[in-house]
*Asks:* 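Take a look at this one; I'll ask things after.
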Amino acid sequence: MAQAAVVAKPPAPPRRRRASATPRRLPYLLIAPAALLMVGFIAYPVISVFYYSLQHFNPTKPWRNGFAGFDNFTHAFTDDPMFWDTLVFSGKWVVVEVGLQLMFGLALALIVNQTFVGRSIGRALVFSPWAVSGVLTSAIWVLLYNSQTGITRYLADMGIGTYGTSWLSDTSTVFPAAIVADLWRGVPFFAILILADLQSVSKDLYEAAEVDGASRFKQFWHITLPHLKDAIVLSTLLRAVWEFNNVDLLYTLTGGGPAGETTTLPLYIANTSVDAHNFGYASALTTVAFVILLFFSIVYLRLSKFGGENK
């Protein structure tokens, strides 16, 4: 009896185990608690500011609280000359401070980037003011500007100026005095960032430029500056935002005086909310400041072509 040929079936291919979705989602699950906390701590205050900017809210006058619409914004732009004065001074403060800090920071970065004896100590001395807090910086310079024990006393001993002179109480000298105090702390920020970027510039470029007969200035203009473009754009933008929001140094150093000569918009907002308890109007001013900074940041990054190729 013929046996039927048994055709062997090929073995079935092993089933692919479907990859679990858990490992792919695990990183997001791990950072979810921190992300939620950050959103909560950032989103809630921002939303609260936008909400109260549309309200009359003063805890000392609860009978006047209620929906205000755009009244707070209308009052700021049409009926509050202090708003415009502080906004103009804020712009002046930012332009002068950031410009001088960039200039001196770039110069210091180029100096400490060179090889010389004691370079490590020199770098530490250049960067050390950045580690000092704003309030402590203000306290140091308040002592230096003290009319009885500070710089003016020693200058008077040498026959320069008169005794009892206070640069912080004179409207003609308070702005330069505040500029110098903030320069001492702000210059190291630019020096640190620019020096870090200078470390990545290939020395071959400078050697090739020297072979071609390029001078030091041409090497700086055509090699160093183009390479530092993004670092300079980013550092100036960050520092401009920080200087615009500068409260601690000016509040401790001058309190916004004399006669409101050194009152920035954020300092005016702080006085309006903390001293006058007018949180609704302060929130409206904060919203205006936020829009100004956002618009400036977008325009500045567009005009500077941040992240683009250097030609």
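Residue numbers run from 1 in the order of the sequence given.
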*Asks:* Is a donor from one side chain sitting under 3.5 angstrom from an acceptor on the other, for Asn113 and Gln199?
*Replies:* yes
*Asks:* With distance as the sole test, does Ser147 use its side chain to make a donor-acceptor pair with the main-chain N or O of Ser166 at under 3.5 Å?
*Replies:* no
*Asks:* Can a side-chain donor-acceptor contact be found between Tyr268 and Asp80 if the only test is distance below 3.5 angstrom?
*Replies:* yes
*Asks:* Do Leu265 and Leu87 pass the side-chain contact (heavy atoms from CB on, under 4.5 Å) test, and can you show the C-alpha distance, the side-chain angles, and the key distance before you say yes or no?
*Replies:* CA-CA 5 Å; Leu265 180 58; Leu87 183 59; 4.1 Å; yes
*Asks:* Please answer whether the main-chain N or O of Thr137 pairs with a side-chain N or O of Arg185 as donor and acceptor at a distance below 3.5 Å.
*Replies:* no
*Asks:* Is the distance between the ring centroids of Phe57 and Tyr52 under 6.0 Å?
*Replies:* yes
*Asks:* If Ile, Leu, Val, Met, Phe, Trp and Tyr residues are connected whenever their side-chain heavy atoms lie under 4.5 Å apart, and connections chain through other members, are Phe290 and Leu293 in the same group?
*Replies:* no
*Asks:* Please check if any side-chain donor atom of Thr254 sits under 3.5 Å from a side-chain acceptor atom of Thr262, or the reverse.
*Replies:* yes
*Asks:* When you measure from the side chain of Lys229 to the backbone N and O of Ser304, does any donor-acceptor pair fall under 3.5 Å?
*Replies:* yes
*Asks:* Does the ring center of Trp93 lie less than 6.0 Å from the ring center of Phe244?
*Replies:* no
*Asks:* For the CD atom of Glu97 and the CG atom of Leu100, what is their distance to the nearest 0.5 Å?
*Replies:* 7.0 Å
*Asks:* Grab the two heavy atoms, one from Asn72 and one from Gln55, that are nearest each other, plus how far apart they are.
*Replies:* ND2-O, 2.9 Å
*Asks:* Might you point out which heavy atoms bring Gln114 and Arg119 nearest each other, and give the distance in Å?
*Replies:* O-CD, 2.8 Å
*Asks:* Do Arg153 and Gln148 have side-chain N/O donor and acceptor atoms under 3.5 Å apart?
*Replies:* no
*Asks:* If only side-chain N and O atoms count, and only distance matters, is there a donor-acceptor pair under 3.5 Å linking Thr224 with Tyr206?
*Replies:* yes
*Asks:* Apply side-chain contact (heavy atoms from CB on, under 4.5 Å) to Val94 and Arg239, showing your working.
*Replies:* CA-CA 8 Å; Val94 169; Arg239 197 62 188 159; over 6 Å; no
*Asks:* Evaluate side-chain contact (heavy atoms from CB on, under 4.5 Å) for Ser297 paired with Leu294, printing each intermediate quantity in order.
*Replies:* CA-CA 5 Å; Ser297 300; Leu294 180 61; 5.5 Å; no
*Asks:* Would Phe175 and Phe89 count as a close aromatic pair, with their ring centres under 6.0 Å?
*Replies:* yes
*Asks:* Does a side chain donor of either Tyr281 or Ser53 reach within less than 3.5 Å of an acceptor in the other side chain?
*Replies:* no
*Asks:* Measure the acute angle between the ring planes of Phe220 and Phe217, then classify it against the limits of 30° and 60° as parallel, tilted or perpendicular.
*Replies:* tilted
*Asks:* Pick from Val112, Leu193, Leu110: which one makes a side chain to side chain contact (heavy atoms under 4.5 Å, CB included) with Leu198?
*Replies:* Leu110
*Asks:* Can you find a side-chain donor-acceptor pair between Ser200 and His227 that sits under 3.5 Å?
*Replies:* yes
*Asks:* Just by modelled atom types, is the Gly186 backbone N or O under 3.5 Å from a matching donor or acceptor in the Trp130 side chain?
*Replies:* no
*Asks:* Quick one: do Trp141 and Thr252 satisfy side-chain contact (heavy atoms from CB on, under 4.5 Å)? Show the steps, please.
*Replies:* CA-CA 10 Å; Trp141 284 93; Thr252 310; over 6 Å; no
*Asks:* Classify the ring geometry between Phe296 and Tyr300 as parallel (under 30°), tilted (30 to 60°) or perpendicular (over 60°).
*Replies:* parallel
*Asks:* Strictly distance-based, threshold 3.5 Å: is any side-chain N or O of Tyr145 a donor or acceptor partner for the main-chain N or O of Ala177?
*Replies:* yes
*Asks:* Locate the shortest heavy-atom distance separating Ala191 from Ala109; write the atom from each residue and the value.
*Replies:* O-CB, 3.8 Å
